[in-house]
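In what follows, a structure is listed as structure tokens, so that the remarks can point back to it.
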Amino acid sequence: MRFDVITLLPQLVEAVTKVGVTGRAKDRGLIDLHCWNPRDFSNDNHRTVDDRPYGGGPGMVMKADVLLKTIRHAKLQAPEGTKVIYLSPQGKKLDQSSVREMSQSKGLILLCGRYEGIDERVIQLEVDDEWSLGDYVLSGGELGAMVMIDAITRLQPEALGHNESALQDSFTENLLDCEHYTRPEVVESLVVPAVLMSGNHPSIARWRRKQSLGKTWQRRPDLLNATPSTKTTDIKALSNDDKKLLDEYLQDHCSQEQDLPEHKKDI
Ligand code: 4GT
């Protein structure tokens, strides 16, 4: 898969392909990253990319003409049908199912804003989709682009080794991940749950599923399309086996007030 990133800070974005899973994916040719700096497409000797906002106010806005030239240049190099994505807090919140869908495409053009953002007409003319990392402000879209490159790359076939399978990740089934432990067996008097030491693999799988369901119910009932007051039997997102496991978890954990779902603590 090919990523074309439009950014005033190419070194920042390139760092994602220098190390880790994404670095290895680049070395092995699973992904390709090309950065385009709008400064190289500006018209004047000062290499101007920004200007003062119409209507006044603080900060600067990235200029339409320079960005349009850069995007159109990137489009000529990118695979046919490559979508242009703008990273901004006004976008749709990024989640694993959208990441999964984007990981199927041949390429993406990721447009990163700086300053107060970009001239709106660039969005109207050239942007296909707008994505946000969440409800907070960053100084630029670059970290968003790097997040997308990382999340998408690890879903490319062969990107992860045997020991890092994407199938078992959080959100693969819209559930939070279960707890993990490694040696030693005791850390400052805290012990590993006995079932994990039993060698009984069906029991271990069942325990992990139970923990995932329970943790999701307690911390993120929205992922199950539930609220803390929804009866477990009414959760349509769950199979009968999962409902049974969740009920078991709640019996194990929710006998005391401290373990009630977050929202119920106040009641
Ligand atoms: C937040 C996000 C993002 C910014 C986010 C335009 C100029 C946007 C600065 C940029 N802030 N980008 N993608 N929550 N800031 O995803």
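Counting convention: from 1, in listed order, for ligands and their atoms alike.
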- prompt: How many angstroms lie between atom CG of L213 and atom NZ of K243, to the nearest 0.5 angstrom?
  reply: 12.0 Å
Test of proximity, L133 against ligand 1: N or O pairs below 3.5 Å: yes
task: May I ask you to list the atoms of ligand 1 that are less than 4.0 angstrom from any heavy atom of V137?
output: 1 (C), 11 (N)
- prompt: Between Y86 and ligand 1, does any nitrogen or oxygen pair lie at a separation below 3.5 Å?
  reply: no
task: Verify whether one side chain among D150 and T153 offers a donor that lies under 3.5 Å from an acceptor in the other.
output: no
task: Ignoring angles and geometry beyond distance, decide whether G117 reaches within less than 3.5 Å of ligand 1 through its nitrogen or oxygen atoms.
output: no
field: Protein residue, atom and distance nearest to atom 15 (N) of ligand 1, heavy-atom basis
entry: L138 O, 3.0 Å
Closest candidate by heavy atom, reference atom 3 (C) of ligand 1, pool S88, G59, G144: S88
query: Which ligand 1 atoms does S132 reach within 4.0 Å, using its non-hydrogen atoms?
result: 5 (C), 14 (N), 16 (O)
message: Main chain of K92, side chain of S132: is a donor-acceptor contact present, judged purely on distance under 3.5 Å?
response: no
field: Linked hydrophobic residues, L68 as query - side chain contacts closer than 4.5 Å
entry: I6, L8, W36, F41, V49, M60, M62, V66, L67, I71, V84, Y86, I109, L111, Y115, I118, V122, I123, L125, V127
message: I'd like the name of whichever of G113, G134, P89, G91 reaches closest to atom 14 (N) of ligand 1 through any heavy atom.
response: G134
query: Which atoms of ligand 1 sit under 4.0 Å from any heavy atom of R114?
result: 7 (C)
- prompt: In terms of side-chain geometry, is the basic nitrogen of D129 or K83 positioned less than 4.0 Å from the acidic oxygen of its partner?
  reply: yes
Any N or O of Y136 closer than 3.5 Å to N or O of ligand 1: yes
field: Contacting atoms of ligand 1, where contact means under 4.0 angstrom from a heavy atom of Y115
entry: 7 (C), 9 (C)
field: V19 backbone acceptor or donor facing T22 side chain under 3.5 Å
entry: yes
query: Would you say the side-chain atoms of D234 and T230 include a donor-acceptor pair closer than 3.5 Å?
result: no
message: With a 4.5 Å cut-off on side-chain heavy atoms, are V186 and V192 touching?
response: no
